[in-house]
Amino acid sequence: FACRKESEMSANLAKAEELIALTTRLTAMVEDDISTLKGKRPAMLARNEADRATAMLLYGKAAGEFRTVASVTALPAATQTRLKTATAKLHASIKEQSRLLIRFRHVTEGLVKAVADVVVARETPTAYAKSGAFARAGASQRATAMTLNQAV
């Protein structure tokens, strides 16, 4: 019985070490994304999408092994501390990444709305002709590149 208990303990410890390694790897990926976002290159996030998806899948599977508090408390204190530290660091990185992504989304949505408003304003007639139909706007009233630039 003691041998079986020891075998379970070493398997649980190996799973914890794997989870710590995956958490550290995922944290590094998120921090790389943060530096990409801070460098104002959000389009570059797509370059690591496959690796990120694989790491998230592996992390989810490994984290699933530690769903209960008992499975974590059975670990040695040093391993528990390392696991908690790695997880806290990952959560902090994800929070920062989310903050930056929300900021970029807000800016992008603002740009799209501004361009759409200019296009709608350009396409919408401003007056009726004597016949009751919409009057065509003259060339002088159309939006130019300078107008679009100022609107955006």
Side-chain angles (χ1 to χ4, degrees), residues 1-126 134 137 141-152:
F1 180 74
C3 184
R4 188 172 135 202
K5 183 99 169 160
E6 188 175 307
S7 174
E8 287 176 15
M9 178 78 143
S10 71
N12 202 19
L13 185 59
K15 290 177 184 179
E17 292 297 333
E18 179 185 2
L19 181 58
I20 292 168
L22 286 168
T23 305
T24 304
R25 178 176 166 215
L26 197 54
T27 301
M29 289 178 156
V30 171
E31 287 176 353
D32 183 53
D33 289 351
I34 290 170
S35 65
T36 300
L37 290 169
K38 285 183 177 180
K40 296 179 175 64
R41 300 178 321 245
M44 297 292 291
L45 292 177
R47 71 176 189 250
N48 295 330
E49 187 61 33
D51 290 340
R52 188 181 308 109
T54 302
M56 288 294 294
L57 184 67
L58 292 172
Y59 175 80
K61 184 179 175 189
E65 299 286 333
F66 294 95
R67 290 182 190 194
T68 64
V69 175
S71 61
V72 175
T73 56
L75 296 171
T79 305
Q80 286 182 31
T81 303
R82 288 181 36 240
L83 182 58
K84 288 178 184 178
T85 302
T87 303
K89 196 172 184 183
L90 176 61
H91 286 192
S93 295
I94 289 172
K95 186 176 179 180
E96 175 70 8
Q97 180 192 38
S98 295
R99 187 184 66 77
L100 290 168
L101 286 171
I102 289 169
R103 184 185 300 168
F104 272 100
R105 188 188 79 206
H106 178 70
V107 168
T108 302
E109 287 173 354
L111 287 171
V112 169
K113 184 178 179 337
V115 170
D117 288 347
V118 168
V119 169
V120 167
R122 186 174 98 188
E123 298 295 324
T124 304
T126 57
F134 286 120
Q141 295 177 339
R142 291 200 171 173
T144 62
M146 183 60 122
T147 308
L148 287 171
N149 190 26
Q150 289 174 352
V152 173

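What you are looking at is a predicted structure, and each value in this text was computed from that prediction instead of being measured.
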What's the separation between atom [atom1] in [X] and atom [atom2] in [Y], rounded to the nearest 0.5 Å?
X: Thr27; Y: Leu90; atom1: OG1; atom2: CG; value: 4.0 Å
X: Gln97; Y: Ser35; atom1: CD; atom2: OG; value: 10.5 Å
X: Leu100; Y: Lys95; atom1: CG; atom2: NZ; value: 12.5 Å
X: Thr36; Y: Lys40; atom1: OG1; atom2: NZ; value: 13.0 Å
X: Asn12; Y: Glu17; atom1: CG; atom2: CD; value: 11.0 Å
X: Lys61; Y: Leu19; atom1: NZ; atom2: CG; value: 13.0 Å

Between [X] and [Y], which heavy-atom pair has the shortest distance, and what is it?
X: Ser93; Y: Ile34; result: O-CD1, 3.4 Å
X: Ser71; Y: Phe66; result: OG-CA, 3.3 Å
X: Leu26; Y: Ala55; result: CD1-CB, 3.8 Å
X: Thr23; Y: Ala86; result: CG2-O, 3.3 Å
X: Val30; Y: Ile94; result: CG1-N, 3.9 Å

Legend entry - Side chain Arg25, main chain Tyr59, donor-acceptor under 3.5 Å: no

Exercise. Under the side chain to side chain contact (heavy atoms under 4.5 Å, CB included) criterion, do Leu101 and Asp33 qualify, and how do the steps go?
Worked result: CA-CA 10 Å; Leu101 286 171; Asp33 289 351; over 6 Å; no

- Message: Taking Arg47 first and then Asp32, would you say they form a salt bridge - that is, a charged N and a carboxylate O separated by under 4.0 Å?
- Response: yes

- Query: Can you check salt bridge (charged side-chain N to carboxylate O under 4.0 Å, His left out) on Lys15 and Glu18, steps first, answer last?
  - Reply: CA-CA 5 Å; Lys15 290 177 184 179; Glu18 179 185 2; over 6 Å; no

Exercise for review: Report the C-alpha distance between Lys38 and Glu96 in whole Å, list the side-chain angles of each, state the deciding distance to 0.1 Å, and finish with yes or no for side chain to side chain contact (heavy atoms under 4.5 Å, CB included).
Suggested key: CA-CA 11 Å; Lys38 285 183 177 180; Glu96 175 70 8; 3.6 Å; yes

Item to complete: Flag the pair Asn48 / Met29 as yes when at least one side-chain heavy-atom distance between them is below 4.5 Å, and no otherwise.
Response: no

